[in-house]
There are 2 protein chains.
Amino acid sequence: MQSTQDSVKSSAKVTIADVAREAGVSKGLVSFALNDRPGVAADTRARILQVAEALGWTPSLRARSLSSKRSFALGLVIARDPEVLGSDPFFTSFIAGVETVLAPEGLALVLSVVPDEETELQTYRTLVSDGRVDGVFLSDLRIDDARIQCLADLGLPTVTLGRPDQPSPFPAVSIDDTHGIAESVRHLAGLGHRRIAHVAGSPAMLHGSRRQEAFTSAMRAAGLGDGQIVETDFSIAAGADAARRLLSQPEPPTAIVFANDPMAIAGIGVAQELGIRVPEDVSITGFDDIEFARYVYPALTTVGATPLVWGRAAAATLLGLIRTGGADDVDLPAARLIIRGSASVPAPG
Amino acid sequence: MQSTQDSVKSSAKVTIADVAREAGVSKGLVSFALNDRPGVAADTRARILQVAEALGWTPSLRARSLSSKRSFALGLVIARDPEVLGSDPFFTSFIAGVETVLAPEGLALVLSVVPDEETELQTYRTLVSDGRVDGVFLSDLRIDDARIQCLADLGLPTVTLGRPDQPSPFPAVSIDDTHGIAESVRHLAGLGHRRIAHVAGSPAMLHGSRRQEAFTSAMRAAGLGDGQIVETDFSIAAGADAARRLLSQPEPPTAIVFANDPMAIAGIGVAQELGIRVPEDVSITGFDDIEFARYVYPALTTVGATPLVWGRAAAATLLGLIRTGGADDVDLPAARLIIRGSASVPAPG
DNA sequence: TTCGCCGACTAAACCGGTATAGGTTTGCCC
DNA sequence: GGGCAAACCTATACCGGTTTAGTCGGCGAA
């Protein structure tokens, strides 16, 4: 209140040189103190940090990027038809989870939405050659996924969402979704269903084929044969088509296990449209537990995925990989079946 | 195939200095040629670019950022409860639209998902002080929105999604959503409905209050009084609650206009749960035309928004603002009513 | 012929950090 | 008391572009 002090003397950004001068040390030492590295006396370090604080100095991200060859950002590339993407709430929740660990670290998330795989590979290359990110999340793993080799070649630190079907140099953060499918089948079998069908996701996608396998083996284990399977691309439209096909048969299944919630919800809609009651005439289960699942009628019996938790774990793992050069695989708790109203005992006969 | 040529001689990144040497000019001139500025002879420029091409030179984004004080990235901050966010497909489509214009320009999108407004303001400040972005999109405009002043103070180029209710220094990219609401009311009135209710979004949000006003004035214009209105926060849960409240009344409305699709879909669920038939006993309309709208039963009569187009327009406008220092407001074509099965003539009586 | 000016181009400073090769102290040991 | 190493710290060269202050040659006007 009493001094016409500096501190507002100029709106020019304060730099490391200002801090160094004010603290009576060299730029280099300020840098060392900031990144707390050995070789700085404790009291000197304290003084430097205090001066920095007083001057309100924030090291320039840009300068840091240039000299340290890091970018302080992580990347996520999503390859999907935007139209289809919209109905899948996975990514928004996943990203929210990622943010919870990035934000406190001062890291940013660079997001790309691209239409196809070729563009996706190109995007990774650009991301690397621009030095835009320090690492990426690899999602929607596919069978024999070309992106793994691409990212390995690029030398870009990566965390895969799920364990690839091929040798991979990257840590995987996975959630066991086969358990939930098996639980679904057991639940339905326990209710008395014998003709259970599966609307599978794309067999080219790892979680699609894995859930399908889980379905088959659970069916066999329950002594129900292989069960009828219709493959889709995970889209709502495809799910609706599959449901229509299954339910229009002479002897339709009494229960359908859908590989994701959007398709299951479309399935409920198709059944109703056909005058088939859910769950009296056909039981339906989904996978994901998206918010809609609780609010459609009947409420969807589904398997609860936790994209937010997944995002958090993936971000923590990627951060560890980048900082220490290595990271272990992480296995999240298996997704569990959530019982609501869309599955019940089959109609007699 | 025949020459053991260079080009792979060293994996070291080729820099502007390499290009300059190879082309026999100075670094500065290469820079001038690259950013095609006056003062370079046409043939010299051509030669430089050709050498750059031959050497496979890509200017370092980091170096460019440092010296030019730009970051070649745009930002989008979303403040929402991640749980609620997931059910709203708006952003994924919007982002996809944004990407279609950013990608060809070599720009990246930095995305932040934050839990509340205070964090959002802080995020903008960090984004600016880190020089992380060259501009941002401001979405989910609120009444008397504090973010506008904040962004103006920060001097961050901004495009608002919709026209704010206060003086704003920023260009607005808007879509008229009142038209669609009015169309909905007229459609329902034309079918013979007299008791029409509105499940409004948050009155604190601009599109919430605007749609509500549009509803009210359309009702009056149709000579149907003010109509019953329930305010929500746009969330599915709130929409379900509102529907339950409305439909449990002694004299429930025969039609409900929902401020968005997720709430409308929840509304259909609630009605079915209560044993109220849609559309026989109650007609329902939504807003957004999310993908689910086509696949629930009955298919949702709703107003078609076009987030992808919006994203494209917003990105183009923001780009223009950043590059030329100014940009005009853009008005997208009004959202139109899409008639499906969830609204029909009311039951007699 | 000479001056002035303009367009093309060069050299070097600069952006704001990081990294590294020295320089001082200081303390300890023989 | 000289020798030496560890602990601290400084000076300076980067990182790879952009930008500015000049340099230089040539041409039109005086």
Side-chain angles (χ1 to χ4, degrees), chain A residues 10-49 51-52 55-73 106 128-132 134 322-323, chain B residues 10-49 51-52 55-73 106 128-132 134 322-323:
Chain A
S10 157
S11 61
K13 189 101 164 56
V14 22
T15 77
I16 198 173
D18 301 322
V19 176
R21 190 180 335 103
E22 192 77 11
V25 297
S26 68
K27 286 193 339 177
L29 205 59
V30 175
S31 175
F32 272 47
L34 174 72
N35 302 307
D36 44 34
R37 315 197 336 186
V40 186
D43 56 341
T44 310
R45 177 194 311 280
R47 180 163 45 89
I48 292 175
L49 293 180
V51 169
L55 261 43
W57 174 62
T58 319
S60 153
L61 207 62
R62 288 173 182 145
R64 245 140 83 91
S65 291
L66 178 58
S67 56
S68 70
K69 300 182 180 313
R70 288 178 293 165
S71 48
F72 306 95
V128 168
S129 75
D130 281 359
R132 195 72 92 154
D134 297 325
I322 290 169
R323 292 192 174 155
Chain B
S10 157
S11 61
K13 189 96 165 56
V14 22
T15 77
I16 197 174
D18 300 323
V19 176
R21 190 180 334 105
E22 193 77 10
V25 297
S26 66
K27 287 193 338 178
L29 205 60
V30 176
S31 176
F32 274 46
L34 174 71
N35 302 308
D36 44 34
R37 314 195 339 185
V40 186
D43 55 341
T44 310
R45 176 193 312 279
R47 181 162 43 89
I48 291 175
L49 294 180
V51 170
L55 261 44
W57 173 62
T58 321
S60 154
L61 207 63
R62 288 175 181 144
R64 242 139 85 91
S65 292
L66 178 58
S67 55
S68 70
K69 299 181 181 313
R70 287 177 293 165
S71 50
F72 307 96
V128 168
S129 74
D130 282 358
R132 194 73 92 155
D134 296 327
I322 290 169
R323 293 193 174 154

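Chain identifiers are assigned alphabetically (A, B, ...) following the order of the sequence lines, protein sequences preceding nucleic acid strands; residue numbering begins at 1 within each chain.
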Checklist outcome for this item: Taken to the nearest whole Å, NZ/Lys13(B) to P/dG16(D) is 8 Å

Next on the checklist: I need the Ser71(A) OG to Arg132(B) CZ distance, nearest 0.5 Å.
Outcome noted: 8.0 Å

Checklist entry - Rounded to the nearest 0.5 Å, how far does OG of Ser65(A) lie from CG of Leu61(B)? => result 9.5 Å

Next on the checklist: Without decimals, in angstroms, what is the distance between Ile16(A) CD1 and dT10(D) P?
Outcome noted: 12 Å

Next on the checklist: For a quick check of understanding: with a heavy-atom distance under 4.0 Å over all strands, which category does Val30(B) fall into, base, sugar-phosphate or nothing?
Outcome noted: nothing

Checklist entry - Can you find a heavy atom in the side chain of Thr15(B) that is under 4.5 Å from one in the side chain of Asp18(B)? => result yes

Do any side-chain atoms of residues 26-41 of chain A form donor-acceptor pairs under 3.5 angstrom with protein atoms, and if so which ones, sequence neighbours left out?
residue: Ser26(A); atom: OG; partner: Leu29(A); partner atom: N; Å: 3.4
residue: Asn35(A); atom: OD1; partner: Arg64(A); partner atom: NH1; Å: 3.1
residue: Asn35(A); atom: ND2; partner: Ser31(A); partner atom: O; Å: 3.0

Checklist entry - Lys69(B) NZ to dG16(D) P: how many Å, rounded? => result 19 Å

Next on the checklist: Can you tell me how far apart CD1 (Ile16(B)) and CD1 (Ile48(B)) are? Round to the nearest 0.5 Å.
Outcome noted: 9.0 Å

Next on the checklist: So does Gly131(B) get a backbone contact from the side chain of Lys69(B), meaning a donor-acceptor N/O pair under 3.5 Å?
Outcome noted: no

Next on the checklist: Under 4.0 Å, counting only non-hydrogen atoms across every strand here, what does Gly24(A) touch: a base, just sugar-phosphate, or nothing?
Outcome noted: sugar-phosphate

Next on the checklist: If you define the side chain from C-beta out and look only at heavy atoms, does anything of Arg45(A) sit under 4.5 Å from Leu49(A)?
Outcome noted: yes

Next on the checklist: Run through DNA chain C and report every stem of 3 or more consecutive Watson-Crick or G-U pairs, distances under 3.5 Å, ordered by first number.
Outcome noted: C:1-30 with D:1-30

Checklist entry - Taking C-beta and beyond as the side chain, do Arg47(A) and Val25(A) meet within less than 4.5 Å on heavy atoms? => result yes

Collect all protein-nucleotide pairs involving nucleotides 23-28 of chain D in which both atoms are nitrogen or oxygen and the distance is under 3.5 Å.
none

Item to check | Nucleotide interval of DNA chain C bounded by contacts with chain A (heavy-atom cut-off, under 4.0 Å) | outcome: dG16(C) to dT20(C)

Item to check | For atom CZ of Arg21(A) and atom C1' of dA11(D), their distance in whole Å | outcome: 16 Å

Checklist entry - In residues 37-47 of chain B, which residues come under 4.0 Å of DNA chain D by heavy atom? => result Arg37(B)

Checklist entry - How close do Val14(A) and Leu55(A) get, heavy atom to heavy atom, and via which atoms? => result CG1-O, 3.5 Å

Next on the checklist: Just the rounded figure in Å: distance from P of dT18(D) to CZ of Arg70(B).
Outcome noted: 8 Å

Checklist entry - In whole Å, what is the span from the NZ atom of Lys27(B) to the C1' atom of dA21(D)? => result 16 Å

Next on the checklist: Categorize Ser31(B) for me: base, sugar-phosphate, or nothing, with a 4.0 angstrom heavy-atom threshold over every strand shown.
Outcome noted: base

Next on the checklist: Distance check needed: dA11(D) C1' versus Leu29(A) CG, whole Å only.
Outcome noted: 12 Å

Item to check | Residues from residues 56-64 of chain A lying under 4.0 Å of DNA chain C - heavy atoms | outcome: Trp57(A), Thr58(A), Pro59(A), Ser60(A), Ala63(A), Arg64(A)

